[in-house]
K.L.:
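Below are the structure tokens for one structure; questions will follow.
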Amino acid sequence: MVFSSLLFLYAFLPLCLLAYALCRTLQAKNICLLVFSLVFYAWGEPVYVLLLAAMALFDWFFALRVERAREEGGRAKVYVVLACVVNLGLIGVFKYAGMVCSIFGEVPTFVQKIALPLGISFYTFQLLSYVVDVYRGDAEAQEKYWQVLLYAALFHQCVAGPIVRYKTVAEELFDGRDEITDRGCGCTRFCVGLAKKTILANACGSLADNLLLTDAAIGSAAQLSENLSVLSGAPALGLWVGMIAYAFQIYFDFSAYSDMAIGMGQMIGLHYLENFDYPYISRTATEFWRRWHMSLGTFFRDYVYIPLGGNRKGRARTALNLFVVWALTGLWHGASWNFVLWGLYYFVLLLADRLFWQKLLNKLPKVLSAVLSHITLPLAVLFGWVLFKFTSLPLMLAVVRGMFCANGNAFTSFTVTAEVKSHMYLLVFCALASTPIFLQLAKRWKRAGERSRLAQSIYGIAANVVVPVALLLLSTACLVGNSFNPFLYFRF
Amino acid sequence: MNNEPNTLSRRERRAQAEKKKRQSRLPGLPFFLALGILTVVAWLIPLRPTVSEKEKRTLEPFPEFSLAAMADGSYFSDIGLWFSDTFPGRDGWIQAAQSLERLYGDSSVAVYGTASAGDKIPVPVSPTPQTAAAPDADTVSGQTSASETSTPEPTAAPEPTPTPEPEWGGENPDDELVTLGAVIQIGDSAYTYTSFSQYYTEAYAANITRAADLLDEKCRVFDVFVLHGTTLMLPRDYRESIGVACEEDILTYLNSQMGENVYCVDTFNSLLPHNGEYIYFRTDHHWTALGAWYAYAEWAKMAGFEPVPLSEYEEIVQEPFYGSLYYQAHQSGALKADAVYGYVPPGDVHLYINQGSKDSLTYRGYEQDLITMIHGNDKYMCFLTGDYPLCTFVNNDITDGSACLLVKNSNGNPFGYYLTQHYQYVYVMDYRKYFSRTLTQFVDYYDVDDVIFCLSSGQAQSNGGNSLLSGLIK
């Protein structure tokens, strides 16, 4: 089940909220959340819910053993290593077996039949971080298995993130929470996320598919020559706008899901860390990754980069550490070489940042530096998305060459111009929505409201009544009868 | 100041606390209310539609339970599909979404689907003699004009033995939308993105020529090649600029491939002077009954008849009508609804519909109103009530036993009405559904004087259409 579906909106969510409201004690509320979370997961993955439960069981056990070993002066590291082996082994089998087999030849049929369990990359990392945090003494081991299962399976973030650390939610989840204060904000945040997904991301996705190729077509090896011919002949304007639309789609898609998760958490007093901070306004690749999928970035920083020595062991070692982190980041996104390439592309960009690019920007006059960096970074990210979207190298090259009319392709065609014109306001709106401009305006309005009771009332009505209800209704309209509603990050 | 709270009574303090509690609950309330109301509405099963008339399809049914479907998750995903596809007030929601989509950009021109002009249209070596001048019907194949002849009442011929099997292996020609491809929306109208297939154009020409060869001594064979609205309603230079195939060139090439014994009606030049009139629907891929009339008038001149003016017909208007292009264009709100004009032929004319697989002179099916009143959206079905294997018009005012056969797809439906003024019997055969007799058997059995093929450009250039014609023309 996806958040941006009518069944979720008008069956699952109200039922869950109603049942939750009827529970009196914290334990009852948590049991209610667990039951609904398992139903939510089993709705799409009736069999793999057992895998989720089993992995939570392993990690519950390992965390307890780690804590006991630490207290008794035993070898806690053994259990951490075991937890890593089990977690990474399972994700390896379910996600990467096909890719590994393909290195050595044909992928066996039984490997081809292994389906990717929903959200395995997210909940595996959450469980792993839990065991490591217990080992480091940053978190206490949870005595009750069902509570570890609740942490891993909580439907807000189980299938698509953000990757929530145990230590950031344990207190609110198990010791008590203020369910009232941020409820209104949570509702508004949820509706904003829903609208980002159903109105902006889906429309951009549809435009990208029209101007480029659908993911299904790209994924079909049998269609490679046909795809190559289509992309080689595609007008340059279509390729540029298609890639821009894809960049907006992936941002609004993923950040929308995080918004909805954060919003639903706030509705019941759970506070998850932010996952996106307007990444497209970044000036460098380093800044981009501080703003994009922050929970993944901090996970790799805390559990891979720093344990490897970070930047404390000389330039060469720092470069090696970065290489490992970015190869893994790429690999985390999918069992395909283009994702590895995409990760390593960022490794190169980040290395360039450290070696000369940031120094160069600092030396330039401020305005020139700002203009230059706000042109180069979006372009670099855009070419990164080419590597991300197209699974085969010939297709990537055809798109990049085509963007500069190097395939002998035209700059535009009637259909491309018509398509672009019929979406131009949408793209402009998406560009604005990728910046904090609307947030700043809202804040300014709120501040003005502090000086005038009338303005305060209007702000209150707009923020708590008009915006959430209008966005809910618009999103419902977009979802009814809409066949284009993919969610990109589910496949990770 | 510090003692101020103590000056409040316990009741006041409780009231304040209650008020604070109520206020803190207020922010989420509108959302929860809206969510609750919509949830109740969503679960009012009687409000859930089961059919979409605009989209011409049955909506997703509630899935049947099976353990296998449950295990692989498809049962649950199908429930989700049913839930969203049959959401109460579906059309209203969709309309709201379309209004929102109009804000995405300048939607005065939009292309839906993948457009391709197809093959390059070859230039024929010499112009086709059939279209250059209207032949004298009396001199053709030694026959006389059907209206001037006095053919005796047809006698029953022996029942045909083998029933021809449809020989097609491509797309389902029932589904005309398959051949539509991309759609371009300009202002309040939508147009099919026309394309050209040399292979199937030649195959179609070969099929019609074979029919003329087979029937050479028995009757005349006409071809009324129905062009898309795109060709008639948009200027050529504009069509060239947007990369659609120019169907007037396709028509010229097609006619150059036809045998000399085929009478090709010029459906381009006969309709072109009237493109300021309502000859094509704005939201549908068919021509209107008025467009069909102009083609009929051209045919009548070619066949040696005096076309009967539309003023002699009774006009029946049904609206609103949203056609196939409306759906192809994602139900764009920019498109303006159509009205379907039907024309009831003058005289003692009756229409019989045969839905079955058998037909004979003694069984023509059930009688139907000439123009059917359609209560749903699909008002184009007012002509012949849709596409049935065989429909028969009988004009009791003509008693010479004259008969013609109209082999058609849905574009031929309004065309058939005009033929009633020249023949006692007009047989309207949907070649996609009629498999009882071959063409020659049919002509012999019903003593047909003229055969008219009336297919759309898209179907004439399709694999499935030509395969079926090959099966029929024997």
Side-chain angles (χ1 to χ4, degrees), chain A residues 1-2 5-11 13-15 17-18 42-47 180-181 183-188 190-191 199 203 207 210 230 267 413-427 429 460 463-466 468-469 472-474 476-482 485, chain B residues 21 24-36 38-43 52 55 70-73 75-77 79-80 82-85 87 89-101 103-115 182 184-185 193 241-243 331:
Chain A
M1 201 184 298
V2 292
S5 71
L6 292 170
L7 193 66
F8 178 84
L9 282 176
Y10 299 119
L13 184 62
L15 215 58
L17 289 171
L18 186 68
W43 195 265
E45 301 279 351
V47 177
I180 305 274
T181 310
R183 184 182 286 169
C185 297
C187 294
T188 306
F190 176 81
C191 292
I199 300 172
L207 177 63
N210 286 348
V230 169
M267 283 182 205
S413 68
F414 171 78
T415 47
V416 166
T417 309
E419 194 79 43
V420 173
K421 277 169 77 177
S422 62
H423 288 83
M424 58 188 177
Y425 306 142
L426 171 78
L427 293 173
F429 185 83
N464 298 310
V465 182
V466 178
V469 173
L472 180 70
L473 293 175
L474 281 176
T476 303
C478 289
L479 285 172
V480 175
N482 184 7
N485 190 21
Chain B
K21 205 172 171 184
S24 62
R25 277 179 184 165
L26 201 63
L29 201 62
F31 168 76
F32 292 123
L33 264 177
L35 191 72
L38 284 169
T39 302
V40 172
V41 171
W43 284 101
S52 169
E55 295 171 26
M70 196 175 116
D72 66 18
Y75 180 69
F76 301 111
S77 56
I79 290 177
W82 162 80
F83 193 85
S84 60
D85 206 31
F87 201 77
R90 190 172 190 283
D91 288 347
W93 289 109
I94 290 173
Q95 220 149 17
Q98 285 162 356
S99 303
L100 182 69
E101 274 176 31
L103 302 174
Y104 288 174
D106 173 9
S107 55
S108 54
V109 176
V111 178
Y112 300 88
T114 309
I184 173 170
Q185 172 245 310
Y193 222 93
S241 74
I242 65 175
Q331 302 175 46

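The model shown is predicted, which means the values in this text are computed figures rather than measured ones.
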K.L.:
Do B:F32 and A:M267 make a side-chain contact, defined as non-hydrogen atoms from C-beta onward lying under 4.5 Å apart?
P.N.:
yes

K.L.:
For the residue pair B:S84 and A:V480, what are the closest heavy atoms and their distance?
P.N.:
O-CG1, 4.2 Å

K.L.:
Would you indicate whether B:M70, at its atom CE, is surrounded by more than 12 heavy atoms from other residues, nucleotides or ligands within a distance under 6.0 Å?
P.N.:
no

K.L.:
What orientation do A:W43 and B:F76 show, parallel under 30°, tilted 30 to 60°, or perpendicular over 60°?
P.N.:
tilted

K.L.:
List the steps and the verdict of side-chain contact (heavy atoms from CB on, under 4.5 Å) for B:L35 and A:Y10.
P.N.:
CA-CA 7 Å; B:L35 191 72; A:Y10 299 119; 3.9 Å; yes

K.L.:
Using non-hydrogen atoms only, which part of A:C191 is less than 4.5 Å away from chain B: side chain, backbone, both, or neither?
P.N.:
side chain

K.L.:
Could you tell me if the side chain of B:W93 sits less than 4.5 Å from the side chain of A:L473, heavy atoms only?
P.N.:
yes

K.L.:
First locate atom CD of B:E101, then atom SG of A:C478, and finally report the distance between them rounded to the nearest 0.5 Å.
P.N.:
7.0 Å

K.L.:
So which part of A:F190 gets closer than 4.5 Å to some heavy atom of chain B, the side chain, the backbone, both or neither?
P.N.:
side chain

K.L.:
For chain B, which of A:A11, A:P468, A:P14 has the most heavy-atom pairs under 4.5 Å?
P.N.:
A:P14

K.L.:
Hey, could you give me the CZ/OG1 distance between B:F87 and A:T476, rounded to the nearest 0.5 Å?
P.N.:
6.0 Å

K.L.:
Going by heavy atoms in the side chains, are B:Y104 and A:I199 under 4.5 Å from each other?
P.N.:
yes

K.L.:
Could you report the tightest heavy-atom contact between B:F83 and A:L6, atom names first, then the distance?
P.N.:
CE2-O, 3.3 Å

K.L.:
Against chain A, label B:I242 side chain, backbone, both or neither, depending on which of its atoms sit under 4.5 Å from a heavy atom there.
P.N.:
both

K.L.:
Taking the side chain as every heavy atom from C-beta outward, state whether B:L38 and A:L472 have any pair of such atoms under 4.5 Å apart.
P.N.:
yes

K.L.:
Only pairs of heavy atoms separated by less than 4.5 Å count here; which of B:V41, B:I79, B:L103, B:T39 has the most with chain A?
P.N.:
B:T39

K.L.:
Testing the basics here: between A:A477 and B:A96, what is the closest heavy-atom pair and its distance to 0.1 Å?
P.N.:
CB-CB, 4.0 Å

K.L.:
Go through A:L426, A:L427, A:L17 and name the one with the most non-hydrogen pairs under 4.5 angstrom from chain B.
P.N.:
A:L426

K.L.:
Side chain, backbone, both or neither: which part of B:A42 has an atom under 4.5 Å from a heavy atom of chain A?
P.N.:
side chain

K.L.:
Using non-hydrogen atoms only, which part of B:W43 is less than 4.5 Å away from chain A: side chain, backbone, both, or neither?
P.N.:
side chain

